[in-house]
Amino acid sequence: MNKKFIAFALVLLIAMGGLFAALGIGFDDTPEVTLEGVIGGSFYHGIVDGSSYLASKTYVGAFADTPPTVKYGYESNMAGPHYLRMAISDFVYKNESGTEVGRVKIKSVTVDNATGTWNSATSEYTIFTIPATNSYSKQSAEIVVSPMRVAGTDHLGATVTAVNTIDQAPEGTYEATITFSVAGS
(Lines give C-alpha, C1' and ligand atoms only; values in the text may rest on other atoms or scores of the structure.)
Protein backbone atom coordinates (compact mmCIF):
# COMPACT_ATOMS: atom_id res chain seq x y z
CA MET A 1 0.00 0.00 0.00
CA ASN A 2 2.86 2.35 0.60
CA LYS A 3 3.98 1.91 -2.98
CA LYS A 4 0.49 2.68 -4.27
CA PHE A 5 0.27 5.75 -2.06
CA ILE A 6 3.65 7.05 -3.22
CA ALA A 7 2.72 6.47 -6.86
CA PHE A 8 -0.62 8.23 -6.36
CA ALA A 9 1.07 11.20 -4.63
CA LEU A 10 3.60 11.42 -7.44
CA VAL A 11 0.88 11.44 -10.13
CA LEU A 12 -1.08 14.04 -8.17
CA LEU A 13 2.02 16.21 -7.80
CA ILE A 14 2.75 16.07 -11.53
CA ALA A 15 -0.88 16.84 -12.37
CA MET A 16 -1.00 19.80 -9.96
CA GLY A 17 2.27 21.14 -11.34
CA GLY A 18 0.78 21.07 -14.82
CA LEU A 19 -2.38 22.76 -13.58
CA PHE A 20 -0.38 25.57 -11.93
CA ALA A 21 1.64 25.97 -15.11
CA ALA A 22 -1.53 26.16 -17.22
CA LEU A 23 -2.96 28.83 -14.89
CA GLY A 24 0.26 30.84 -14.97
CA ILE A 25 0.88 30.24 -11.31
CA GLY A 26 4.45 29.33 -10.62
CA PHE A 27 7.92 30.57 -10.13
CA ASP A 28 8.41 32.26 -13.49
CA ASP A 29 8.31 35.73 -11.89
CA THR A 30 11.73 37.08 -10.96
CA PRO A 31 11.89 38.15 -7.33
CA GLU A 32 13.24 41.65 -6.87
CA VAL A 33 14.62 43.49 -3.86
CA THR A 34 15.38 47.21 -3.73
CA LEU A 35 18.12 48.29 -1.37
CA GLU A 36 18.09 51.93 -0.37
CA GLY A 37 20.64 53.90 1.58
CA VAL A 38 20.91 57.52 2.65
CA ILE A 39 24.17 59.44 2.93
CA GLY A 40 23.87 62.50 5.10
CA GLY A 41 25.75 65.68 4.41
CA SER A 42 29.11 66.08 6.08
CA PHE A 43 31.41 69.04 6.50
CA TYR A 44 34.65 69.22 8.45
CA HIS A 45 37.17 72.06 8.59
CA GLY A 46 39.96 73.23 10.79
CA ILE A 47 43.70 73.21 11.32
CA VAL A 48 45.00 70.09 9.58
CA ASP A 49 46.90 67.77 11.88
CA GLY A 50 47.55 64.49 10.07
CA SER A 51 44.09 63.24 9.12
CA SER A 52 42.31 65.30 11.81
CA TYR A 53 40.85 68.80 11.79
CA LEU A 54 41.63 70.71 14.99
CA ALA A 55 39.48 73.54 16.32
CA SER A 56 42.46 75.38 17.79
CA LYS A 57 46.22 75.26 17.91
CA THR A 58 48.96 77.58 19.19
CA TYR A 59 52.05 78.19 17.06
CA VAL A 60 55.16 79.67 18.65
CA GLY A 61 57.91 81.54 16.82
CA ALA A 62 55.63 83.89 14.87
CA PHE A 63 58.40 86.53 14.87
CA ALA A 64 61.10 84.14 13.62
CA ASP A 65 62.83 84.87 10.31
CA THR A 66 60.64 82.13 8.84
CA PRO A 67 57.21 82.33 10.50
CA PRO A 68 55.33 79.07 11.13
CA THR A 69 53.05 77.61 8.46
CA VAL A 70 49.43 77.07 9.40
CA LYS A 71 47.81 74.26 7.42
CA TYR A 72 44.05 74.76 7.13
CA GLY A 73 41.63 72.54 5.24
CA TYR A 74 38.17 71.16 4.77
CA GLU A 75 36.37 68.01 3.64
CA SER A 76 32.74 67.99 2.46
CA ASN A 77 30.19 66.08 0.41
CA MET A 78 27.73 68.99 0.33
CA ALA A 79 26.97 71.27 -2.57
CA GLY A 80 28.07 74.89 -2.35
CA PRO A 81 28.76 77.48 -3.10
CA HIS A 82 30.24 78.02 0.35
CA TYR A 83 33.17 80.27 1.13
CA LEU A 84 35.79 79.47 3.75
CA ARG A 85 37.29 82.69 5.00
CA MET A 86 39.95 83.80 7.43
CA ALA A 87 40.05 86.93 9.57
CA ILE A 88 43.26 87.91 11.33
CA SER A 89 44.10 90.38 14.07
CA ASP A 90 47.35 92.28 14.52
CA PHE A 91 49.90 90.91 16.97
CA VAL A 92 48.99 92.46 20.33
CA TYR A 93 50.83 92.48 23.65
CA LYS A 94 48.73 93.05 26.78
CA ASN A 95 49.92 93.49 30.36
CA GLU A 96 48.53 91.54 33.33
CA SER A 97 45.51 93.85 33.65
CA GLY A 98 44.59 93.30 29.98
CA THR A 99 45.66 96.72 28.75
CA GLU A 100 47.27 96.81 25.32
CA VAL A 101 50.95 97.71 25.65
CA GLY A 102 52.19 97.06 22.13
CA ARG A 103 51.01 96.17 18.64
CA VAL A 104 52.87 94.71 15.67
CA LYS A 105 51.10 95.01 12.33
CA ILE A 106 51.00 92.24 9.71
CA LYS A 107 53.20 92.66 6.66
CA SER A 108 51.73 89.90 4.49
CA VAL A 109 49.48 86.87 4.39
CA THR A 110 50.30 84.15 1.89
CA VAL A 111 48.13 81.21 0.97
CA ASP A 112 49.99 78.39 -0.78
CA ASN A 113 52.91 80.75 -1.52
CA ALA A 114 50.70 83.40 -3.15
CA THR A 115 49.27 86.60 -1.73
CA GLY A 116 45.96 85.85 -0.03
CA THR A 117 42.73 87.11 -1.64
CA TRP A 118 41.41 89.92 0.54
CA ASN A 119 37.65 90.49 0.61
CA SER A 120 37.15 94.09 1.67
CA ALA A 121 33.37 93.62 2.03
CA THR A 122 33.83 91.03 4.80
CA SER A 123 37.29 92.13 6.02
CA GLU A 124 38.53 88.57 5.55
CA TYR A 125 40.71 86.50 3.27
CA THR A 126 38.86 83.99 1.10
CA ILE A 127 40.76 80.71 1.42
CA PHE A 128 38.44 78.29 -0.44
CA THR A 129 35.23 78.26 -2.44
CA ILE A 130 33.34 74.97 -2.17
CA PRO A 131 31.93 74.14 -5.61
CA ALA A 132 28.19 74.21 -6.38
CA THR A 133 28.24 70.57 -7.48
CA ASN A 134 26.89 68.00 -5.06
CA SER A 135 30.07 65.97 -4.79
CA TYR A 136 32.91 65.20 -2.40
CA SER A 137 35.67 67.77 -2.17
CA LYS A 138 38.71 68.09 0.05
CA GLN A 139 41.38 70.79 0.06
CA SER A 140 44.05 72.19 2.30
CA ALA A 141 46.17 75.32 2.14
CA GLU A 142 49.36 76.47 3.80
CA ILE A 143 49.02 79.92 5.31
CA VAL A 144 51.93 82.08 6.44
CA VAL A 145 51.42 85.33 8.38
CA SER A 146 54.48 87.58 8.33
CA PRO A 147 54.82 90.42 10.87
CA MET A 148 56.06 93.92 10.05
CA ARG A 149 59.79 94.04 10.74
CA VAL A 150 60.35 97.66 9.67
CA ALA A 151 58.09 100.61 8.83
CA GLY A 152 56.29 100.36 5.50
CA THR A 153 52.96 99.16 4.13
CA ASP A 154 50.96 96.39 5.81
CA HIS A 155 48.96 93.58 4.19
CA LEU A 156 45.97 95.92 3.68
CA GLY A 157 48.00 98.70 2.09
CA ALA A 158 48.04 100.98 5.15
CA THR A 159 51.18 102.86 6.18
CA VAL A 160 52.77 101.48 9.35
CA THR A 161 55.08 103.50 11.56
CA ALA A 162 58.16 101.98 13.18
CA VAL A 163 56.48 101.76 16.61
CA ASN A 164 54.20 99.00 15.22
CA THR A 165 57.06 96.82 13.98
CA ILE A 166 59.22 94.14 15.53
CA ASP A 167 62.18 96.54 15.50
CA GLN A 168 60.60 99.13 17.80
CA ALA A 169 57.64 97.53 19.60
CA PRO A 170 57.89 97.12 23.40
CA GLU A 171 59.24 93.90 24.85
CA GLY A 172 56.60 91.24 25.56
CA THR A 173 54.65 88.26 24.25
CA TYR A 174 52.47 89.18 21.30
CA GLU A 175 49.52 87.20 19.99
CA ALA A 176 47.59 87.38 16.74
CA THR A 177 44.34 85.49 16.31
CA ILE A 178 43.24 83.80 13.10
CA THR A 179 39.53 82.99 12.91
CA PHE A 180 38.17 80.73 10.17
CA SER A 181 34.52 80.97 9.12
CA VAL A 182 32.13 79.44 6.60
CA ALA A 183 29.62 81.57 4.71
CA GLY A 184 27.07 80.96 1.99
CA SER A 185 27.84 84.15 0.10
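- Side-chain contact between Tyr53 and Tyr72 is absent, with no heavy atoms from C-beta onward closer than 4.5 Å.
- Looking only at side-chain heavy atoms (C-beta outward), His45 and Leu84 come within less than 4.5 Å of each other.
- Within the 3.5 Å criterion, the main-chain N or O of Ser97 finds a donor-acceptor partner in the side chain of Asn95.
- At distances below 3.5 Å, at least one donor-acceptor pair connects side-chain atoms of Asn164 with backbone N or O atoms of Arg103.
- By the 6.0 Å contact criterion, OH on Tyr44 is open, its count of non-hydrogen atoms from other residues, nucleotides or ligands being 12 or less.
- The backbone N or O of Leu54 lies less than 3.5 Å from no partner atom in the side chain of Ser52, so there is not a single donor-acceptor pair.
- When all heavy atoms are compared, the tightest approach of Asp112 to Ala141 is OD1-CA, 3.4 Å.
- Within the 3.5 Å criterion, the main-chain N or O of Ala87 finds no donor-acceptor partner in the side chain of Thr179.
- Heavy-atom minimum distance, Ser89 versus Ile106: O-CD1, 3.2 Å.
- Between the side chains of Tyr74 and Ser140, no donor N or O sits under 3.5 Å from an acceptor N or O.
- One hydrophobic cluster, built from ILVMFWY side chains closer than 4.5 Å, holds both Phe180 and Met78.
- A 4.5 Å side-chain heavy-atom check between Tyr174 and Pro147 finds every atom pair outside the cut-off.
- Put simply, the side chain of Asn119 reaches to within 4.5 Å of the side chain of Arg85, judged on heavy atoms.
- Using a 4.5 Å cut-off on side-chain heavy atoms (C-beta onward), Phe43 and Val182 make contact.
- Taking all atoms of both residues into account, the shortest heavy-atom contact from Asp49 to Lys57 is OD1-NZ, 4.5 Å.
- Residues forming a ring-ring contact (aromatic ring centres under 6.0 Å, His included) with His82 (at least two apart in sequence, or on another chain): none.
- By the 4.5 Å heavy-atom criterion applied to side chains, Ile127 and Ile143 are counted as neighbours.
- Screening residues 136-164 for salt bridge (Lys or Arg N to Asp or Glu O under 4.0 Å) gives no qualifying pairs among residues at least two apart or on separate chains.
- Ser146 approaches Pro67 most closely through the heavy-atom pair OG-CG, 3.9 Å.
- Within the 4.5 Å cutoff, side-chain heavy atoms of Ile130 are placed close to those of Ser137.
- Residue Thr173 holds its OG1 atom at 7.0 Å from OH of Tyr93, rounded to the nearest 0.5 Å.
- With hydrophobic clusters built from ILVMFWY side chains whose heavy atoms lie under 4.5 angstrom apart, Val145 does not share a cluster with Val48.
- In this structure, the side chains of Met148 and Lys107 come closer than 4.5 Å at one or more pairs of heavy atoms.
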I would like to know whether Thr161 and Gln168 meet side chain to side chain contact (heavy atoms under 4.5 Å, CB included); could you show each step before the answer?
CA-CA 9 Å; Thr161 60; Gln168 293 189 19; over 6 Å; no
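- When the side chains of ILVMFWY residues are joined at heavy-atom separations under 4.5 Å, either directly or via intervening members, Phe91 and Val150 end up in two distinct hydrophobic clusters.
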Candidate pair Ile47 and Tyr59, rule side chain to side chain contact (heavy atoms under 4.5 Å, CB included), full reasoning
CA-CA 11 Å; Ile47 293 85; Tyr59 291 84; 3.4 Å; yes
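- Criterion: ILVMFWY side-chain heavy atoms under 4.5 Å apart, direct or through other members. Under it, Tyr83 and Val111 are not part of a common hydrophobic cluster.
- Residue Glu100 places its CD atom among more than 12 non-hydrogen atoms of other residues, nucleotides or ligands, all under 6.0 Å distant.
- A distance-only check finds a donor-acceptor pair linking the side chain of Asn77 to the backbone of Ser42 [under 3.5 Å].
- Between Ala151 and Thr165, the shortest heavy-atom contact is N-CG2, 3.6 Å.
- Considering NE2 of His155 and NZ of Lys105, their distance stands at 6.5 Å, rounded to 0.5 Å.
- Cluster annotation: Val144 is not connected to Tyr125 through the hydrophobic network of ILVMFWY side chains, with a link wherever side-chain heavy atoms come within less than 4.5 Å.
- Of all the heavy atoms in Ala132 and Ala79, the pair that sits closest is O-CB, 3.4 Å.
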